[in-house]
Visitor: 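One structure, as structure tokens, below. Some questions next.
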Amino acid sequence: MVKIALLGAAGQIGTPLSLLCKASDLFDEIALYDIVHVPGIATDLMHIDTKARVTGYLPQDDGLKKALTGADIIVVTAGIARKPGMTRYDLFKTNAHIIRAIFTEVAATCPKAISCIVTNPVNSTVPVAAETLKRAGVFDPTRLFGVTTLDVVRASTFVAHAMNTDPKAYKVPVIGGHSGATILPLYSQAQPPVNLDEETLAAVINRVQFGGDEIVKSKQGAGSATTCMAYAGFRFVKAILAAMGGETVTEEAYIYLPGVRGGEGIATKLGVDYFAVRIEIGEMGAAKVLPIGEISENEGKLLRVAVEGLKKDIATGLALE
């Protein structure tokens, strides 16, 4: 029996993610939680001919606790979306308090669940969640992930656009954080190798880093990355499920480095405790951080910029009152 709790399920990421989970036939129970609409969304999804029982909970009558009870996997998409002109700090001021409230309940109800945070700004919301779990005495760094899979998806997609090839033909590691210049696609390690001139590659890297802005502008204030984020979030959830089933899976995610085997050395070298890296995921969560490996001279420069940005974002998360 596998239960997933989707928190923020009435939002523009949560609803398509709910559909992907129900359609996949990978779950026995799907619990939806949000401040509006989710009972109706649950009823709608229950008309789909797959086995999962879908329930929807509102804040009334301990709805969050009921959604979380017995959950094996939690995906948090709750919060506001970024709008044109809105800074990541503006976003943080609202979403950080939502994350803290959610993880206060996670700590009390299902501290051993694997928690996946999509709510932006991930660079800062993951430290908020970690500190909340720490205060409750239940923090397990191997079971808390910031979902950065969309950066990995974009890295292969955008290079394929530049080369007029199939995006699924490429595997590109992406490390760092999950916003702007903190995102670092390692095209020097891409498989198969990427053959682009310096100027074109720089444009592709910039597009990966600021792909979110591209969508915000295109939607003219009506939203941010939603369907692609739901796709990426579901891809990460499938990786977690495969690992829970006994497979050894490698994925990138934003984690608390010192708490995962192989992460402390990277944290010491870079000077940051939170960082997106390649991770071996096992049945119990993050099993091992994989080395960053050899990077190009230009990637080294971008890494320094990413680390400086991350230091500020992490400090913002840790300073939440």
Side-chain angles (χ1 to χ4, degrees), residues 116 122 145-212 214 225 228-243 245-255 257 260-263 265-266 269-270 275-282 285-307 310:
C116 309
V122 166
F145 300 95
V147 180
T148 61
T149 311
L150 181 54
D151 302 325
V152 179
V153 170
R154 283 173 170 153
S156 58
T157 299
F158 295 162
V159 78
H161 288 175
M163 299 181 70
N164 196 28
T165 55
D166 178 6
K168 290 192 178 294
Y170 291 94
K171 186 167 180 60
V172 185
V174 183
I175 63 171
H178 186 54
S179 68
T182 69
I183 300 167
L184 177 52
L186 299 179
Y187 283 109
S188 66
Q189 298 180 15
Q191 293 296 327
V194 169
N195 296 309
L196 291 174
D197 63 79
E198 190 174 312
E199 183 178 350
T200 304
L201 182 58
V204 170
I205 291 170
N206 184 267
R207 194 177 177 207
V208 174
Q209 292 178 324
F210 296 96
E214 180 179 314
C228 62
M229 185 61 245
Y231 168 85
F234 182 62
R235 174 171 143 173
F236 188 74
V237 166
K238 285 196 296 181
I240 295 292
L241 281 171
E247 294 182 35
T248 299
V249 177
T250 300
E251 288 286 333
E252 285 88 344
Y254 184 73
I255 62 166
L257 287 172
V260 181
R261 183 162 60 97
I266 295 175
K269 182 176 180 179
L270 296 179
F275 201 75
V277 284
R278 285 176 293 179
I279 307 160
E280 278 190 10
I281 303 173
K288 181 172 68 174
V289 172
L290 300 178
I292 292 173
E294 295 294 323
I295 62 176
S296 71
E297 182 180 351
N298 183 59
E299 288 167 350
K301 293 176 183 176
L302 294 175
L303 176 59
R304 289 189 286 275
V305 172
V307 167
L310 273 172

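Along the sequence shown, residues are numbered consecutively beginning with 1.
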Visitor: Taking the side chain as C-beta and beyond, is there a heavy-atom pair between Val237 and Val147 under 4.5 Å?
Guide: no
Visitor: Would you say Ile295 and Leu302 make side-chain contact, with heavy atoms under 4.5 Å?
Guide: no
Visitor: State, to 0.1 Å, how close Ala155 and Val208 come at their nearest heavy-atom pair, and which atoms those are.
Guide: CA-CG2, 3.7 Å
Visitor: Can you name the residues that form a salt bridge (charged side-chain N to carboxylate O under 4.0 Å, His left out) with Lys301, not counting sequence neighbours?
Guide: none
Visitor: Please find the pair of heavy atoms, one from Glu251 and one from Phe236, that lie closest to each other, and give the distance.
Guide: CB-CE1, 4.1 Å
Visitor: Which heavy atom of Val122 sits nearest a heavy atom of Gly146, and at what distance?
Guide: CG1-CA, 3.9 Å
Visitor: Decide yes or no on ring-ring contact (aromatic ring centres under 6.0 Å, His included) for Tyr254 and Phe145, but give the supporting numbers first.
Guide: CA-CA 6 Å; Tyr254 184 73; Phe145 300 95; over 10 Å; no
Visitor: Are any of the side-chain heavy atoms of Met163 and Leu196 separated by less than 4.5 Å?
Guide: yes
Visitor: Hey, could you give me the OH/CD distance between Tyr170 and Gln191, rounded to the nearest 0.5 Å?
Guide: 11.0 Å
Visitor: What distance do Thr250 atom OG1 and Lys288 atom NZ have between them, rounded to the nearest 0.5 Å?
Guide: 8.5 Å
Visitor: So, the side chain of Arg278 versus the backbone of Val289: is there a donor-acceptor pair under 3.5 Å, distance only?
Guide: no
Visitor: Determine whether Glu294 and Ser188 make a side-chain contact, defined as any pair of heavy atoms from C-beta on separated by less than 4.5 Å.
Guide: no
Visitor: Minimum heavy-atom separation for Ala287 to Ile279, with atom names?
Guide: N-CG2, 4.5 Å
Visitor: Enter the distance from Asn298:CG to Leu184:CG here, rounded to the nearest 0.5 Å.
Guide: 9.0 Å
Visitor: Could you grab the distance from atom CZ of Phe275 to atom NZ of Lys269, nearest 0.5 Å is fine?
Guide: 10.5 Å
Visitor: Mind checking the OG-NZ spacing from Ser156 to Lys168? Nearest 0.5 Å is all I need.
Guide: 7.5 Å
Visitor: Within a strict 4.5 Å, meaning less than it, do heavy atoms of the Ile175 and Leu186 side chains meet?
Guide: yes
Visitor: Pairing donors with acceptors under 3.5 angstrom, does anything connect the side chains of Arg154 and Gln209?
Guide: no
Visitor: Can Leu257 and Val277 be said to form a side chain to side chain contact (heavy atoms under 4.5 Å, CB included), step by step?
Guide: CA-CA 9 Å; Leu257 287 172; Val277 284; 3.9 Å; yes
Visitor: Under a 3.5 Å distance rule, please check whether Glu247 uses its side chain to pair with a backbone N or O of Gly282 as donor and acceptor.
Guide: no
Visitor: State, yes or no, whether a side-chain contact exists between Ile205 and Phe158 at a heavy-atom distance under 4.5 Å.
Guide: no
Visitor: Any heavy-atom pair between the side chains of Ile240 and Ile281 that's under 4.5 Å?
Guide: yes
Visitor: Under the criterion side-chain hydrogen bond (donor to acceptor under 3.5 Å, both in side chains), which of Thr148, Asp151, Thr149 is the partner of His178?
Guide: Asp151
Visitor: Please, which pairs that meet salt bridge (Lys or Arg N to Asp or Glu O under 4.0 Å) have at least one residue in residues 183-210, sequence neighbours excluded?
Guide: Arg207-Glu214
Visitor: Looking only at non-hydrogen atoms, find the nearest pair between Val204 and Ala162 and report the distance.
Guide: CG2-CB, 3.8 Å
Visitor: Could you check whether any side-chain N or O of Gln189 sits under 3.5 Å from a backbone N or O of Ile292, counting only pairs where one atom can act as donor and the other as acceptor?
Guide: yes
Visitor: With side chains defined as the heavy atoms from C-beta onward, is the minimum distance between Leu150 and Cys228 less than 4.5 Å?
Guide: yes
Visitor: Restricting to non-hydrogen atoms, name the atom on Pro173 and the atom on Lys171 that form the minimum distance, rounded to 0.1 Å.
Guide: CD-O, 4.0 Å
Visitor: Quick one: pull up CZ in Phe210 and CD1 in Ile183 and give me the separation to the nearest 0.5 Å.
Guide: 8.0 Å
